There are 2 protein chains.
Amino acid sequence: MDLTKSLGELALGSRFKRISDRLMQDVNLIYKEHRLDFESRWFLMFYALTQRSPQSITELAAALGFSHPAIIQLSTEMEKAGLIRSHSDKEDKRRRLLALTEKGRVTGSDLKEIWEDIEAAAREAIRETGIDILGVIEKIETVLEQKSLWARVEGKIKKRRMDAVEIVVYSPAHKSAFKSLNYEWLEKYFKIEELDRKILSHPEKIIKSGGQIFFAIHGGKAAGTCAMIKHHRHEYELAKMAVTEKAQGMQIGKKLAMTAIDWAKKQKAHAVVLETNRKLAAACALYKKLGFIEVPFTSPSLYQRTTIAMRLEL
Amino acid sequence: MDLTKSLGELALGSRFKRISDRLMQDVNLIYKEHRLDFESRWFLMFYALTQRSPQSITELAAALGFSHPAIIQLSTEMEKAGLIRSHSDKEDKRRRLLALTEKGRVTGSDLKEIWEDIEAAAREAIRETGIDILGVIEKIETVLEQKSLWARVEGKIKKRRMDAVEIVVYSPAHKSAFKSLNYEWLEKYFKIEELDRKILSHPEKIIKSGGQIFFAIHGGKAAGTCAMIKHHRHEYELAKMAVTEKAQGMQIGKKLAMTAIDWAKKQKAHAVVLETNRKLAAACALYKKLGFIEVPFTSPSLYQRTTIAMRLEL
DNA sequence: ATTAATTACGTAATTACTTACATAAATATA
DNA sequence: TATATTTATGTAAGTAATTACGTAATTAAT
């Protein structure tokens, strides 16, 4: 029957909107029927001015949670209706101070009765629900303040995407992917060096000398790769890390690196080292997050692009 | 600090709006960040079409609770985005049927994952509140359906206005008010007859012959009046009922008549009669509501304006 | 004492709807 | 069967806010 209702949690926003529209429309109707020459949307600002007058545009905007152009629009309407009047602040010529006029004050006391009736009516409706509605609203706002719906959804999406990626070790079928994935970023940010060409063309040599190569499979295709090159008995180098542009933001790099480090631990490694370029900020941030710390160079790098060396003690 | 919060029940609508805005904005952000080429406002209509396709403009408007121009606007946008397509109904050439395109169906299955994430995130937030939010919304809607906020406020206003009116019996201070209140409506709808002039100039005669005159006092002034004229031992006539235009709609007539009838009961009257003119619809409706029924004339009326006679058995 | 940054306000354009009104097609009525 | 009413859609204008951007006044930094 009612689509919005049947959608449950998915249409939560629409359902709150429906209640709010209904309430505000009813209040509007009351002002209209009683020819009060007062619009319900003026209420918050008008009320704020009955509490403290004068106030500046931005003060009111902050108090009501509206944008300042909204306050300006309201103020022109209410000024036309003769309820408020404005004058520029002598101490700060940028500010325009809004204050109730005499007519505004009179209207205010006329409206006070109606407001009391509205409040009483709302209280009556709330009592009928048998629920502490204001408490519920408060609770919802608190929960959303702690973690917004946006943040929650982002978390879910990230997790789902990470789960959708499978990490596998080298097999000859992936030989060309190892090369093309690395060529993609090398050509974008730097240039292919002789050593790159050699290593990327013969991945099986990494395996033969006691290392390993990992691939992130997403939707049946290799979307990322990284290699562990054995330096000596207890030290491996994390190298040739690449994630295709289309699959970035899916935490593939993180998952690859974590798998590689776990693998190194199993090989009884005591440390993992790596070399990279500071320009690759996302990569550097990831390494730091995984526990790598910057170290001085023990020997000159074999690559021209290298500007930083890092090390992770296991 | 927070004006809306401090207003309590008075700003209930604003607070619901704030929650709804926040939720819908967050969902919007999700579509934007993930470059989904999909607007959150399309959601309800798009979803409705995934459930049943094709549907006409008005069918969709009814299902979503929107106006039909809103559906037309959404449909042009979504048609431009290639998600839907429309063709006119062969059976009823007025109707335009909207259906998902192939691209629409594909987009739908892409979006399904995100929607599941949003739903899961909302569910998570709800769980954190520890409250059955959907149940609360349901309850609020039920209560407002039974009696809208508008109806509740109208009730309060009516009651307050009725309470603000005091009914008093004749005293010489009211002599001129009795005349002017009646002249006001007589001159507006009919013309003053000789008998009117006589009775309205000498109200004390009504009292002397065993009747009574009542005045409704509002804001210190007489806003309405009515007289009970003794016909004989057990029968009185309700006459010269007048309420000043400014105070109409405040139930003053009703309160006056009820007081007068109560008074007649105390005088051991068996019946109250009255004469009036059908043109005075509001007055006739009031008399009927109080239990008067139309009766044939027993003797010709002494007033030219009379077109109906009524009687209330006590 | 300049220069730069920030703040306060204003205007224009946009958004996501609504209400009001018009027209054509279908249905009901005399 | 002509006429009136209802229904489905379309168009225009209005509403209540927003974002985006510009200018003037104030404050901070050099």
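Here the structure is a predicted model, which means the values were calculated and not measured. Lettering of chains follows the sequences in order, A, B, ..., and the numbering in each one begins at 1.
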Distance-only donor-acceptor pairs under 3.5 Å for side chains of residues 130-140 of chain A, two or more places apart:
unit_1, atom_1, unit_2, atom_2, d
A:Asp132, OD1, A:Gly135, N, 3.1
A:Glu138, OE2, B:Lys5, NZ, 3.3

Does anything in residues 97-107 of chain A form a side chain to side chain donor-acceptor pair (under 3.5 Å)? List the pairs, not counting sequence neighbours.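 Matches after skipping sequence neighbours: A:Glu102-A:Arg105.
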Under 3.5 Å, which donor-acceptor pairs link side chains of residues 24-32 of chain B to any protein atom two or more places apart or in another chain?
unit_1, atom_1, unit_2, atom_2, d
B:Asp26, OD2, A:Leu149, N, 3.2
B:Asp26, OD2, A:Trp150, N, 2.8
B:Asn28, OD1, B:Ser40, OG, 3.0
B:Asn28, ND2, B:Ser40, OG, 3.2
B:Tyr31, OH, B:Trp115, NE1, 2.8

Donor-acceptor pairs under 3.5 angstrom involving side-chain atoms of residues 55-65 of chain B: please list them, not counting sequence neighbours.
unit_1, atom_1, unit_2, atom_2, d
B:Ser56, OG, B:Glu59, N, 3.3
B:Glu59, OE1, B:Ser56, N, 2.8

B/S/- contact track for nucleotides 6-19 of chain C, protein heavy atom under 4.0 Å: -BSBBB----SBBB
Between D:dA16 (P) and A:Ile71 (CD1): distance, integer Å: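 For the pair A:Ile71 CD1 and D:dA16 P, the rounded distance is 14 Å.
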Show me the pairs that pass ring pair (Phe, Tyr, Trp, His ring centres under 6.0 Å) and involve residues 54-104 of chain A, at least two apart or across chains.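 Matches after skipping sequence neighbours: none remain.
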